[in-house]
Amino acid sequence: MTPRIVVTRKLADPAMALLRDAGDVWLPDPDRTLTTAELHAAVAGAHAVVSTLQDRVDAALVDAAGPQLKVVSTVAVGYDNIDVPALRERGVVVTHTPGVLTDATADLAFGLLLSVTRRLGEGERLIRARRPWQFDLGFLLGTGLQGKTLGVVGLGAIGTAMARRARAFGMDIVYTGRPGTRRSDAERELDARLVTLDELLRISDVVSLHCPLTPQTRHLIDADALAAMKPTAFLINTTRGPVVDEAALVDALARGVIAGAGLDVFENEPEVHPGLLELDNAALAPHLGSATTETRTAMAMLAARNAVAVLRGDEPPTPVRS
Ligand code: GLV
């Protein structure tokens with residue numbers, strides 16, 4: 001029987017072609033995220049679902065799909081939108097796309113860091129508002145990075161790639177992570193030092209978040225954590241919005257508790273806290289971490305390969321293991 005493959009968002013052409021070779025592909029609506037009801041209706045009878053981080057994937061989705069469902073392949077590295085234990089219990093394999101988006105995401109994180117420390121957004125807004133300006137030795141002064149300390153929360157692949165970029169800019173690296181996750185290789189390569197979260201917040205000039213969103217990391221950066229940071233420090237978040245208490249961040253940025261923030265992700269995406277929109281010391285991007293043509297194509301290809309492997313009874317290249 002030809003497998004039915006439901007794709008919730010249009011993928012790069014080569015990935016769509018790979019899936020079409022493996023089964024009947026159904027793309028309900030290429031242009032928008034489906035509501036939960038639409039998603040459940042769309043997956044009925046599916047053997048594979050290729051989804052994105054906007055789709056809630058849980059027991060109800062598996063029930064809506066039916067017992068023939070074999071695999072949910074998400075086109076993302078993060079899978080906090082997927083109830084992995086519920087799917088595993090029902091015999092459904094979950095796969096994701098680590099590795100191929102590491103550099104693109106670290107590039108974006110570093111771009112946000114440069115943007116907020118060098119006040120690029122402020123400068124651009126000033127020019128576009130046609131406000132008068134001239135070169136001046138004291139005009140729009142930012143903050144240099146050389147000799148400063150980057151604190152990486154979660155020294156996985158993307159955190160390590162961010163730290164490499166920071167080393168190239170002359171920064172020192174400290175990191176923290178889940179208990180027992182010492183990264184000796186990265187420590188040697190980057191001269192990085194493992195510290196507690198408390199120490200990291202206290203000594204870092206830039207805190208960059210690269211941990212996954214889990215019950216333990218939800219609001220990891222709350223009002224207390226922000227108060228523990230230096231008033232001259234910057235916060236960068238390219239992981240998931242709810243790792244930061246966004247209302248507390250707005251308050252901290254407005255009151256000068258920290259110097260600035262670079263954010264690619266938001267607590268209630270695509271909504272952005274209105275307070276952030278008023279703040280010049282927040283550099284904002286609409287979840288663009290992996291958004292290059294090359295990276296999105298590689299992610300789509302990996303997601304397609306994962307789905308096809310499971311449909312054929314093979315081990316997928318990058319299953320979710322946790
Ligand atoms: C993007 O946020 C991803 O998890 O791939």
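None of these values were measured; they are calculated from a predicted model.
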Which ILVMFWY residues are connected to Val310, directly or by a chain of links, through side-chain heavy atoms under 4.5 Å apart?
Val71, Val93
Does a side-chain heavy-atom distance below 4.5 Å link Leu145 with Leu113?
yes
Asp222 CG to Asp245 CG distance, which is reported to the nearest 0.5 Å:
6.5 Å
What pair of heavy atoms forms the shortest contact from Ser290 to Ala104, and how long is it?
CA-CB, 4.2 Å
Under 4.0 Å between a Lys/Arg side-chain N and an Asp/Glu carboxylate O for Asp205 and Lys230?
yes
Can you list the residues that meet the side chain to side chain contact (heavy atoms under 4.5 Å, CB included) rule with Asp251, with sequence neighbours excluded?
Arg255
Atom CD of Glu271 with >12 non-hydrogen neighbours under 6.0 angstrom:
no
dist Leu87:CG -> Asp58:CG (nearest 0.5 Å) comes out at 8.0 Å
Any donor-acceptor pair under 3.5 Å linking the side chain of Asn306 with the backbone of Ser73?
no
Got a sec, which residues hit salt bridge (Lys or Arg N to Asp or Glu O under 4.0 Å) with Asp191, two or more places apart in sequence or on another chain?
none
Salt bridge (Lys or Arg N to Asp or Glu O under 4.0 Å) partners for Arg4, two or more places apart
none
For the backbone of Arg119 and the side chain of Glu122, can you confirm whether one donor and one acceptor N or O come within less than 3.5 Å of each other?
no
Roughly how far, to the nearest 0.5 Å, is the CD1 atom of Ile158 from the OG1 atom of Thr102?
5.5 Å
Nearest non-hydrogen partners of Val308 and Ala22, listed with the distance
CG2-CB, 3.7 Å
Donor-acceptor check, side chain of Asn81 to backbone of Thr52, threshold 3.5 angstrom: yes or no?
yes
Path from Leu197 to Phe234 over hydrophobic side-chain contacts below 4.5 Å:
no
Report the distance from atom CG of Leu263 to atom CG of Leu249, rounding to the nearest 0.5 Å.
6.0 Å
Just checking, any donor-acceptor pair under 3.5 angstrom between side chains of Thr143 and Thr117?
no
Under 3.5 Å, is there a donor-acceptor pair between the side chain of Arg165 and the main chain of Ala161?
yes
If you round to the nearest 0.5 Å, how far is CZ of Arg167 from CG of Asp172?
6.0 Å
Which of these, Leu61, Val72, Asp55, sits in a side chain to side chain contact (heavy atoms under 4.5 Å, CB included) with Val43?
Leu61
If we ignore hydrogens and angles and just use 3.5 Å, is the side chain of Thr95 paired with the main-chain N or O of Thr318 as donor and acceptor?
no
For His210, what residues pass the ring-ring contact (aromatic ring centres under 6.0 Å, His included) criterion, not counting sequence neighbours?
none
Can you give me the closest heavy-atom contact between Asn281 and Ile258, atom names plus distance?
ND2-O, 4.4 Å
Is Leu120 isolated, or which residues cluster with it under the ILVMFWY side-chain rule of less than 4.5 Å, directly or via members?
none
Side chain to side chain contact (heavy atoms under 4.5 Å, CB included) partners for Leu53, two or more places apart:
Ala76, Arg240, His287
Thr239 (side chain) donor-acceptor with Cys211 (main chain) under 3.5 angstrom
yes
Are Val94 and Leu302 linked, directly or through other ILVMFWY residues, by side chains that come within less than 4.5 angstrom of each other?
no
Output all residues satisfying salt bridge (Lys or Arg N to Asp or Glu O under 4.0 Å) with Arg218, sequence neighbours left out; order by chain, then residue number.
none
Among residues at least two apart in sequence or on other chains, which ones pass salt bridge (Lys or Arg N to Asp or Glu O under 4.0 Å) with Glu294?
none
Over all heavy atoms of both residues, which pair between Leu150 and Ser204 is shortest? Give the atoms and the distance, please.
C-OG, 4.2 Å
Hydrophobic cluster membership, Leu27 vs Leu39, 4.5 Å side-chain cutoff:
no
Thr2 and Gly23 have their tightest heavy-atom pair at CG2-CA, 3.8 Å
Ignoring hydrogens and angles, tell me if any N or O in the side chain of Gln68 forms a donor-acceptor pair with the backbone of Ala46 under 3.5 Å.
yes
Joining Ile, Leu, Val, Met, Phe, Trp and Tyr whenever any side-chain heavy atoms lie under 4.5 Å apart, the cluster holding Phe135 also takes in Leu137
Would a distance-only check, ignoring hydrogens and angles, find a side-chain to backbone donor-acceptor pair under 3.5 Å from Thr217 to Leu220?
no
Nearest heavy-atom approach of Asp83 to Arg56 is CB-NH2, 4.0 Å
Just to verify, what does Arg193 make a side chain to side chain contact (heavy atoms under 4.5 Å, CB included) with, not counting sequence neighbours?
Val174, Val195, Glu199, Ile203
Asp264 side chain vs Gly289 backbone, donor-acceptor pair below 3.5 Å
yes
Is Thr295 reaching over with its side chain to a backbone N or O of Thr292, donor-acceptor style, under 3.5 angstrom?
no
Please set out all donor-acceptor pairs under 3.5 angstrom arising from side-chain atoms of residues 125-133, sequence neighbours excluded.
{"unit_1": "Arg125", "atom_1": "NE", "unit_2": "Asp280", "atom_2": "OD1", "d": "3.3"}
{"unit_1": "Arg125", "atom_1": "NH2", "unit_2": "Asp280", "atom_2": "OD1", "d": "2.8"}
{"unit_1": "Arg128", "atom_1": "NE", "unit_2": "Glu124", "atom_2": "OE2", "d": "2.6"}
{"unit_1": "Arg128", "atom_1": "NH2", "unit_2": "Glu124", "atom_2": "OE2", "d": "2.9"}

Side chain proximity check, Val49 to Val57, heavy atoms < 4.5 angstrom:
no
Can you tell me how far apart CZ (Phe139) and CD (Gln134) are? Round to the nearest 0.5 Å.
9.0 Å
For atom CZ of Arg118, decide whether the heavy atoms of other residues, nucleotides or ligands shown that lie under 6.0 angstrom number more than 12.
no
Between Glu187 and Arg182, is the salt bridge (Lys or Arg N to Asp or Glu O under 4.0 Å) condition met? List the steps.
CA-CA 9 Å; Glu187 284 184 22; Arg182 178 149 212 162; 2.9 Å; yes
